[in-house]
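The chains referred to below are lettered A, B, ... by the order of the sequence lines, with proteins before strands, and numbering in each begins at 1. Keep in mind that the numbers below use all heavy atoms, side chains included, and drop hydrogens, waters and symmetry copies.
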Amino acid sequence: MTDWLGPEEWRAVALSLKVSFWAVLLSLPPGIFIAYALARWSFPGKQIVNGLVHLPLILPPVVTGYVLLLTFGTRGPVGSLLAEIGVVLAFRWTGAALAAAIMAFPLMVRAIRLSIEAVDPKLEEAGATLGAGPLWVFGTVTLPIIAPGIIAGAILAFAKAMGEFGATITFVSNIPGETRTIPTAIYAFLQVPGGEASAIKLVIVSVVVAMGALLLSEVIGRRVAARLGGPG
Amino acid sequence: MIEIALRHAFADFTLDASFTAPPGITVLFGRSGSGKTSIVKAAAGLLAPDSGRVVAGERVLLDTARGINLAPYRRRIGYIFQEGRLFPHLTVRQNLRYGAWFAPKDAPREDAGRVIDLLGIGHLLDRRPASLSGGEQSRVAIGRALLSAPRLILADEPLAALDEPRKAEILPYFERLRDEVSVPILYVSHSASEVARLATTVVALDAGRVARQGPAAEVLGDLSVLPAGTREAGALLTARVAAHHEDGLTELDASGAPLFLPRIPQPPGSRVRIRIAAHDVILARDRPVGLSALNIVAGTIAEMRHGDGPGAIVAIDTPAGRLLARITRRSAMALGLAPGLRVHAVVKSVAIARGDIGTR
């Protein structure tokens, strides 16, 4: 693959994988928590939380990226605080991961929330009567049952993160080796004469990764469904 | 010993019930809406009553007066749900172990191997709930509750979701539980035949109140607690298997009175309890002759009751125990039936349903 892809193209692919991996990994715990809260609890401001989570899905990505820049930029309210402890997000690959995570978050939360809503609370009640406290019930009953939903949500979020463009380029620009992910690299290649060949290769990589993610989630989903519903 | 006293105002009725449950199976018996399931839920901590007290042995699980209300997971109650509620992602073995894992190490517990044998689920241990039949799921659910080292077992109409053959499959396991396991069991049912088969004690509920509490035979024979529609009425007799005859009949000895019924599997000498449905009993002033029915027991009318319909129900005290007969008011008038009168109760042998015969 390294032979087929030039060093610059390869760097874009590797960076995209790294950015998407961290984006998904770090947004999973809050994603599960918020999905659970939205599915099971009623609390004041629930609709506002729901709206905020879904906002990146509806806003133009450029707007999301600009809001991130204003907030997490080195002179932004959060960014300046983070800068004091040595964490800089703007124009770094970590910022690309943050942008990808925010953009993929609604998809992840939706998938996990649906699977939590499908869990029969009566099973959790049964767990409680057998002596399991609330956290144990979540860990031993709810979590294993929603695992397929979590995996599906994570794969969907990963695919979305791999393709994120607008917020990324606005927040962290398009710096080769630092923030130049596959989509921004394709965009850059198309801006220079003779760049089409590289762009096409990255397009192929994108398609393969996206198809692979979809197939993987199908396979995992079927295997889990067979385990829960079929003869065992 | 379990003590339960609860008060709770629902939108449509008020639950106000208190009773004690001795060891064995205490059946909460009553029509739907009489508050049976609410009592069980409150005992488990799944429903917070307005006020009440639940004590299992020495342990106070709920006492609103003292501000005690243990969370469900701290109550150590084995709950057998109507729908089984087995964990679909775990094998049968893991389901069975689930409760034991959370129980304190020093809690008195049943031996897992014995429970698995008792319920006949040894061959299912590696399977998942989705691949089990309804009856098998019920048995695993019973085992799961039993192995969680419970202070009390709650069974909320555990057979209601099963068809008749499956019910017949599960009932003997509850009989064995009653006879071989020391944990008290609170069992919700609206089926008179389940009560007759299983109950050590019956708590009859009517519109949220305890109408009558006592040993099964006494409560079932009490006309004042019978549900308004007496179609399900029946008396409970205990008897000893006297002999199996060659013509396919079994002879029972009910406190000296012989009773014949189609062959049952219990060996001679064993104790059985049989339910004789009130609509299978015929009454005669004089001892009938030239009759095909084999069982004729003389007794004295203790009580009579009739509702708005054409039927009447008569309780007859006989040497075998109290029998109930459901007859028409017209017949009662024609025969001049009244409390204190000697009558002969006639029961067809083949009328005694096999499902109404249990151990002890």
Tell me whether B:N95 contacts the main-chain N or O of B:L90 through its side chain, where contact means a donor paired with an acceptor under 3.5 Å.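 Indeed, once roles are kept as given, a pair shorter than 3.5 Å links the two residues.
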Chain A interface, residue from B:E83, B:R76, B:R144 that has the most non-hydrogen pairs under 4.5 Å: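 The residue among B:E83, B:R76, B:R144 with the greatest pair count is B:R144.
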Under 4.5 Å heavy-atom distance to chain A, tell me which part of [X] shows up: side chain, backbone, both or neither.
X	answer
B:R85	both
B:L154	neither
B:L46	side chain

Cation-pi check for B:F87 against B:R128: NZ or CZ below 6.0 Å from the six-membered ring centre and within 45 degrees of the axis, yes or no? no
With a cut-off of under 6.0 Å to the ring centre and 45° to the axis, is A:K18 in cation-pi contact with A:W93?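 So A:K18 does make the cation-pi contact.
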Quick one: sort the B:Y98 and B:F102 rings into parallel, tilted or perpendicular, breaks at 30° and 60°.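 Plane angle between 30° and 60°, so tilted.
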